[in-house]
Amino acid sequence: ESYFSSLANALNAYDGQALAQTMGLFSQQDSQIRPAPGFIKRNELGNMDRMARQILGDFPKWGDMVVDIAQAQGALHAGNFVQAYTAFVSGWQKLLSLFAEETAWMMALVHQAVHDIRMLAMAADSAGGKAGQIAAKNLNETTRLLQNGFAACWNDRTDPRSPESKKTGVLYIIVTLFKTYFKLNTLRLCKNLIKAVEVKVGNRPSFVEAAGDVIPVSDMVAYRFYVGRLNMFEDQYTEAEKNLDFALAHCRADAYHNKRRILAYLIPIKLYRGRLPTPLILQKYQFNEFLELTAAVRCGDIMKFNESLLTYQEVFIRKGTYLVLEKLKTLVYRNFLKRIQAIEATNQLKLQRVQLGFKWCEEDVGLDEIECIIANLIYKGHLKGYISHSKRVLVLSKTNPFPIDPILKNT
């Protein structure tokens, strides 16, 4: 009975945080299953409906929803994930009906339910693997249910700058939808959510700009992290760096693992734009995969770059950063030629000498291909000079032949 008494006390106090703590199925910090309430441990689920109606008599609309969530919790602790998900979906729909009549004081409970329904959907999909069953059926259904939660917050007419506005909790739901879309590989669906909160009408600021002071920093950090990843996948590197820089700068100082997740995407973008991380940073966050790669880019070591990219290929592909890292080869070629120019101590490099450097790096390329590589560097502004095709000579500019500005402006 203490479970329902705690709920009644929280409802009387309009304490959404207490409701979330009492009714939550999974920890929002580590997604571990929370300990079962006493009535579940004592196997008293049969008396749950009676206890709910008796103790929550002053809140008749809450009884059915609480019973659904409690049944989901009981099924979860019994290992019946599909049953737990089904019961929770029923409770979620009732929760949104209650939320429509209340204000933002319920937001903590709604956020907890958003987290729980996603975790249950994944557990149910893992447990219900019958032959012919649609992959991720429950998680796909959850996207629709979460969209209903987004609408419940987004359609609130209260001034979004007010702490009473339900819109202040919308980014948490958007981030959960992002996680779900990433899991389902339906990234195109993220666009509509981003457009909703970032569109500007006339001279009015977007929602994220107008409500930036009242949106929880943790929600904004997570939002910028996922938007930055989407920017990277769409080759929008300037925007990706901007969003991931924001996420890193506003991440909690002691959130080591979150910072490492952000840096896993920010470092490749920084590398592509010519900003090389220090070995100290790479060692601090245990990015062994970037240590040799960064050293190879810095000194133009083509062989070491190829070896490093191949060694950690699976890691980079899994993270979705392989393609942007592969583009670093242009920068490696630029620094490779810079080394040759320093060794030769002349602004006129014979392509046969350049070819010897390629062979030393175990790249067997002909003179025509070397000309193509150099022409591409000149076109991109990474190298100033011209090729004398008849003499097979690269003539470098006498002033700043290897400019850095075009690399820093890689978009």
Side-chain angles (χ1 to χ4, degrees), residues 17 20 24 26-32 107-108 111-112 114-115 118-119 153 160 163 167-183 187 190 193-194 197-198 205-234 236-291 293-294 315-316 318-321 324-325:
Q17 193 63 50
F26 296 88
S27 165
Q28 292 190 56
Q29 279 68 47
D30 57 14
S31 296
Q32 296 298 308
M107 193 58 69
H111 284 176
Q112 180 65 55
V114 163
H115 178 71
R118 176 176 167 272
M119 296 302 300
C153 294
K167 283 187 176 180
T168 59
V170 79
L171 281 195
Y172 183 95
I173 301 176
I174 288 176
V175 168
T176 306
L177 278 164
F178 283 168
K179 292 176 182 177
T180 308
Y181 293 148
F182 270 79
K183 182 81 172 177
L187 302 187
C190 297
L193 296 171
I194 297 171
V197 297
E198 296 209 16
S206 67
F207 167 73
V208 291
E209 291 171 337
D213 292 339
V214 292
I215 295 172
V217 175
S218 58
D219 292 351
M220 187 65 81
V221 166
Y223 173 77
R224 292 295 180 196
F225 168 68
Y226 279 100
V227 173
R229 287 179 63 184
L230 287 167
N231 293 147
M232 186 192 72
F233 294 147
E234 294 172 350
Q236 298 173 354
Y237 299 117
T238 302
E239 289 300 310
E241 185 176 20
K242 175 182 167 185
N243 282 302
L244 292 171
D245 271 339
F246 178 97
L248 185 64
H250 292 82
C251 192
R252 274 175 40 192
D254 60 345
Y256 175 87
H257 294 291
N258 287 343
K259 286 188 173 184
R260 193 177 188 280
R261 287 187 68 196
I262 296 167
L263 285 167
Y265 298 96
L266 184 56
I267 287 173
I269 294 168
K270 293 283 189 185
L271 283 168
Y272 176 67
R273 305 194 75 203
R275 298 172 175 89
L276 308 187
T278 64
L280 186 64
I281 287 289
L282 298 178
Q283 290 164 0
K284 177 181 178 180
Y285 290 97
Q286 300 177 30
F287 282 120
N288 295 328
E289 63 269 32
F290 290 128
L291 277 168
L293 194 74
T294 302
V315 175
F316 298 143
R318 190 167 61 249
K319 289 286 186 183
T321 57
V324 65
L325 289 170

What heavy-atom pair brings [X] and [Y] nearest, and what distance separates the two atoms?
| X | Y | value |
| --- | --- | --- |
| Y285 | Y256 | CA-OH, 3.3 Å |
| F26 | S31 | CD2-O, 3.5 Å |
| G169 | M107 | CA-SD, 3.8 Å |
| P160 | K167 | CB-CD, 4.2 Å |
| I215 | V208 | CD1-CA, 4.4 Å |

Could you tell me whether the side chain of [Y] reaches within less than 4.5 Å of the side chain of [X], counting heavy atoms only?
| X | Y | result |
| --- | --- | --- |
| F225 | L244 | yes |
| T176 | H115 | no |
| V221 | R252 | no |
| N231 | I269 | no |
| L325 | L271 | yes |

Does [atom1] belonging to [X] count more than 12 external heavy atoms closer than 6.0 Å?
| X | atom1 | result |
| --- | --- | --- |
| K270 | NZ | yes |
| D254 | CG | yes |
| Q17 | CD | no |
| K183 | NZ | no |

Problem set entry | Aromatic ring proximity F316/F290, centre distance under 6.0 Å | yes
Exercise. Atom CZ of F287 and atom CZ of R260: how far apart are they, to the nearest 0.5 Å?
Worked result: 4.5 Å
For this session: With rounding to the nearest 0.5 Å, note down the distance linking CZ in F207 to CD in E198.
Result: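 So the CZ of F207 and the CD of E198 are separated by 11.0 Å.
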For this session: Classify the angle between the aromatic ring planes of Y223 and F178 as parallel (below 30°), tilted (30 to 60°) or perpendicular (above 60°).
Result: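 Y223 and F178: parallel rings.
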Exercise. Hey, what's the ring geometry for Y172 with H111, parallel, tilted or perpendicular (30° and 60° as the breaks)?
Worked result: parallel
